[in-house]
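Reviewing the structure listed below.
Numbering of ligands and ligand atoms starts at 1, following listing order. A quick note: this is a predicted structure, and the numbers were derived from the prediction, not measured.
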Amino acid sequence: MSETSSRFILERYAEFLPVTDKTPMVTLGECGTPLVRSRVLGPELGLEALYFKLEYTNPTGSFKDRGMVMAVAKAIEAGAEALLCASTGNTSASAAAYAARHGVPSYVIVPAGRIAMGKLAQAVVHGAEIVAIEGSFDDALNIARQLGERPGIALVNSVNPYRIQGQKTGAFEIVDDLGEAPDLLCIPVGNAGNITAYWRGFNEYRQAERSTRLPKMWGFQAAGAAPLVLGHPVANPETIATAIRIGNPASWDGAVNARDESQGMIDSVTDDEILEAYRRIASDEGLFCEPASAASLAGLIKQVAAGQRVEGLTAVCILTGNGLKDPDTALKIEAVQHQAPADLAAVERELGWN
Ligand SMILES: *Cc1c(COP(=O)(O)O)cnc(C)c1O
């Protein structure tokens with residue numbers, strides 16, 4: 001792959017990023033993700049237009065690559081010898097890939113048994129050194145923050161400000177594609193780095209006169225892991241959407257700020273609402289995201305059902321991660337329906353085609 005491809009945020013958005021002549025310009029082909037218009041759900045909800053931003057088409061299958069390419073480049077520029085992160089899965093997949101690309105080791109702290117299989121496979125195959133702890137993501141992040149004090153080690157969680165810098169480019173792309181900011185930006189919220197980053201991106205683009213307005217930010221947490229909705233940390237967060245199973249978001253203030261400044265909201269959706277949205281995105285739109293990503297649409301559906309007026313509005317739902325990372329969830333809600341011997345007549349009988 002060319003290191004100067006347009007799917008390379010450090011190059012495409014250099015003027016908005018802390019890129020210097022010493023920043024190593026290494027890419028895996030992140031950014032430039034499709035903005036796909038909804039066929040069924042947008043009209044059904046009464047929106048003027050609904051778009052899905054397919055962040056799962058980034059190189060490791062989630063938006064985390066946008067922040068990681070920036071954070072890792074700055075870490076290497078500053079002389080880091082190894083990368084470290086706590087992760088619910090996608091951060092470690094991304095960190096491990098960029099570490100491999102730069103030829104440095106990566107260390108990953110994860111909550112044992114709480115990581116979708118595909119994400120763990122990615123960290124393993126990229127050669128990360130993985131420690132599964134008996135605890136939550138929040139425990140893992142506490143430990144990682146302390147380990148990150150060691151010389152030569154760069155902590156690349158979203159407490160690293162370069163992560164937010166890279167992730168804000170998702171907002172730039174939406175404006176580049178639509179020619180204007182949308183009315184509503186619907187986004188899942190876990191550690192709250194991404195909602196913070198999008199809000200910053202929309203603001204910087206408006207300041208640069210690339211757009212004339214700002215969207216309302218609608219963030220959605222899982223009901224069992226909704227500290228920002230409750231207004232206090234959650235000790236034992238629970239949800240099927242493991243990527244947002246976080247009880248004490250690192251970017252708490254950023255999320256509250258995005259909500260308040262945009263006159264938006266942060267609400268919660270139940271696991272059932274998440275799974276229903278996940279199923280509909282896949283079966284009505286042909287898009288396969290992971291459960292956490294579907295919280296964005298689940299929240300939008302919930303708000304419209306509760307009477308929010310959306311007629312004439314344009315909304316964008318961020319589909320943050322790839323459904324293939326978590327095939328267990330897909331196969332739990334839709335089983336293979338038929339079994340038959342390897343025989344034409346038997347298959348016809350099974351399908352009711354005879
Ligand atoms: C990390 C992640 C989120 C949550 O993003 P935050 O920045 O932690 O709020 C949502 N969906 C997926 C797929 C993720 O990997």
| query | Does the pair R213/D183 count as a salt bridge with the N-to-O cut at 4.0 Å? | reply | yes
Polar side chain donor-acceptor pair, [X] to [Y], under 3.5 angstrom:
X    : Y    : result
T320 : E290 : no
T23  : E77  : yes
S94  : T91  : no
W218 : Q303 : no

| Donor-acceptor under 3.5 Å (D138 side chain, G247 main chain) | yes
I'd like the atom pairs linking ligand 1 to the protein - N or O on both sides, separation under 3.5 Å - with distances to 0.1 Å.
| from | atom 1 | to | atom 2 | distance (Å) |
| --- | --- | --- | --- | --- |
| ligand 1 | 7 (O) | G193 | N | 3.2 |
| ligand 1 | 7 (O) | N194 | N | 2.8 |
| ligand 1 | 8 (O) | N191 | N | 2.8 |
| ligand 1 | 9 (O) | G190 | N | 2.8 |
| ligand 1 | 9 (O) | N191 | N | 3.3 |
| ligand 1 | 9 (O) | A192 | N | 2.8 |
| ligand 1 | 11 (N) | T320 | OG1 | 2.7 |
| ligand 1 | 15 (O) | K64 | NZ | 2.7 |
| ligand 1 | 15 (O) | N90 | ND2 | 2.7 |

